[in-house]
Number of protein chains: 2
Amino acid sequence: MNQKEKNDFPKERILNEAEILFAQRGYHAVSIREITNAAQCNLAAVNYHFGNKENLYLEVFRARWMPRARRVIDCFDKTLASQDSLSPRAVIQALTKAFLEGPLSDEERQRHHLLMARELAQPTKALELVAEQIMGPFFQKLADKLRVFMPENLGEECLKLNILSVFAVVLYFNFARVAVTRITGREYDPDFKARLMEQIIQFSLKGLGGSEKGDLR
Amino acid sequence: MNQKEKNDFPKERILNEAEILFAQRGYHAVSIREITNAAQCNLAAVNYHFGNKENLYLEVFRARWMPRARRVIDCFDKTLASQDSLSPRAVIQALTKAFLEGPLSDEERQRHHLLMARELAQPTKALELVAEQIMGPFFQKLADKLRVFMPENLGEECLKLNILSVFAVVLYFNFARVAVTRITGREYDPDFKARLMEQIIQFSLKGLGGSEKGDLR
DNA sequence: GTCTATAGCAGGATAGAC
DNA sequence: GTCTATCCTGCTATAGAC
């Protein structure tokens, strides 16, 4: 059975619509009626397939969010592997690219980040899940790649804080689109996004290590 | 009438409890019954004093969030005024300090940032209000203070993006406490917060301009 | 697996006594 | 201004026919 057919089962349609609505308005603001209407199926289908509303929410993370995050990480890995030499610039660039362009469509990415922003503001079991299976391992991978470029005397904690700072910049320009648009007066069109990527890379790279060309050992 | 007496009116108590609960769990997850119970007053009091739930939420921003934001900005202004010379380091330091230490208690600050994080993820009229009256003017002020230190050929947009990047780092370490604690294994105790402040200042300063000592003209 | 029907409850809002 | 009592809507969840 191919993907298209599979996506036409009510269970799949419910997951799709639930994700969209939860991302847009949050868990409590969305009713299962709304979800099943959007998915064009019966109200009772949610309870039949997922038991209850909370478990549907978790399943959105298990069956949608996490696979998508893995695609983003794969993209990061591939971009990095295609470079002939590993450098901080290459790492940051691959990271920024995977997060801001990468394999996701604009809507997909916005949904993805909104769901995570909500979890960070108000953690549920979903964050537990994601932190354990996705964020933790990926962060470790980043640390391993960057460690060799940092000064020898730099502690492990300092390395972590530096990487978190890079994440901060990358994520902020996604989470806080409203604020960014308001301040700069610019919409997130391809032009501005290219501009943003350049800004993020430059800023992070400098923040990470000093000047751009190889101060990092 | 002094502040203490004033705070004992039901209207004030409702605002206090509403802010706490909205920050903790978000608008939709909190009922006015819960709020009035916490405020030890009658259910009907919300509708009497604020008309309806939505307007109570807005009033939390008008009567609590915004005045508090003004206190933070005042703190920033005073810290900066106490320096004998204006430098990027002084500005960033004052900014970080005002946001991470500043005049707010830990609980107050967390509430404050949570409310804003929710607004950024899902903007309502409250963000409109705050953007117009607080964020916009403050951002302008920051830009004015930093502009003179940036290279002459640096465009206005680039300046804005740089300042936003600094905000990104400052705010992330507040918004994403859960993630930071999980990754670093450290709680936000005074010790770690001092460590964070140093990290944020260093990273931002480098990101902003290159090396720490005066590369910025 | 999918539907209808409905139980059972919690929410926002208001009327009207005090 | 504050209270009680109540209306009405909309929610989750389930029972049971098909």
(message) Regarding Ala45(A), tell me which of base, sugar-phosphate or nothing describes its non-hydrogen contacts under 4.0 Å with the strands shown.
(response) nothing

(message) Tell me if the aromatic rings of Phe76(A) and Phe138(A) count as close, with their centers under 6.0 Å from one another.
(response) yes

(message) Looking only at the side chain of Ala44(B) (C-beta and beyond, no hydrogens), which of the listed nucleotides dT4(D), dT2(C), dA15(D) gets closest?
(response) dT4(D)

(request) Could you tell me the separation between the CD1 atom of Ile35(B) and the P atom of dA10(C), rounded to a whole number of Å? (result) 17 Å

(request) Rounded to the nearest angstrom, tell me the gap between atom CD in Gln40(A) and atom P in dC3(C). (result) 11 Å

(request) Rounded off to whole Å, could you give me the CG-to-P distance for the Asn52(B) and dA13(C) pair? (result) 5 Å

(message) On the nucleotide dT2(C), are OP1 or OP2 found under 4.0 Å from the side-chain N or O atoms that His49(A) carries?
(response) yes

(request) Send over the distance from Lys53(B) NZ to dG12(C) P, rounded to a whole Å. (result) 4 Å

(message) If you assign each of Glu54(A) and Leu43(B) to its closest nucleotide in DNA chain D, which residue comes earlier from the 5' end?
(response) Leu43(B)

(message) Can you see whether Tyr27(B) has Lys53(B) sitting over its ring - NZ or CZ less than 6.0 Å from the centre and within 45° of the normal?
(response) yes

(message) Could you tell me how far apart Glu34(A) (CD) and dG10(D) (P) are, to the nearest whole angstrom?
(response) 12 Å

(message) Looking at Glu128(B) and Arg182(A), is any side-chain nitrogen of the basic one under 4.0 Å from a carboxylate oxygen of the acidic one?
(response) yes

(message) So, does Ser31(B) get its side chain near the phosphate of dG11(C), meaning an N or O under 4.0 Å from OP1 or OP2?
(response) yes

(message) Tell me if the centroids of the rings in Phe22(B) and Tyr57(B) come within less than 6.0 Å of each other.
(response) yes

(request) Round to the nearest Å and state the distance from Tyr48(A) atom OH to dG1(C) atom C1'. (result) 5 Å

(request) Round to the nearest Å and state the distance from Asn47(B) atom CG to dC7(D) atom C1'. (result) 14 Å

(message) Which nucleotide wins on minimum distance to the side chain of Cys41(A), given the candidates dA13(D), dA15(C), dC3(C)?
(response) dC3(C)

(message) Of the listed nucleotides (dT4(D), dC3(C), dG1(D)), which one gets closest to any side-chain atom of Asn42(A)?
(response) dC3(C)

(request) Could you tell me whether Lys11(B) sits above the aromatic face of Phe50(B), with NZ or CZ closer than 6.0 angstrom to the six-membered ring centre and within 45 degrees of the axis? (result) yes

(message) Quick check for you: among dT2(D), dT12(D), dA13(C), whose closest atom lies nearest to any side-chain atom of Arg33(B)?
(response) dA13(C)

(message) Whole angstroms only, please: what is the CZ-P distance between Phe50(B) and dA13(C)?
(response) 13 Å

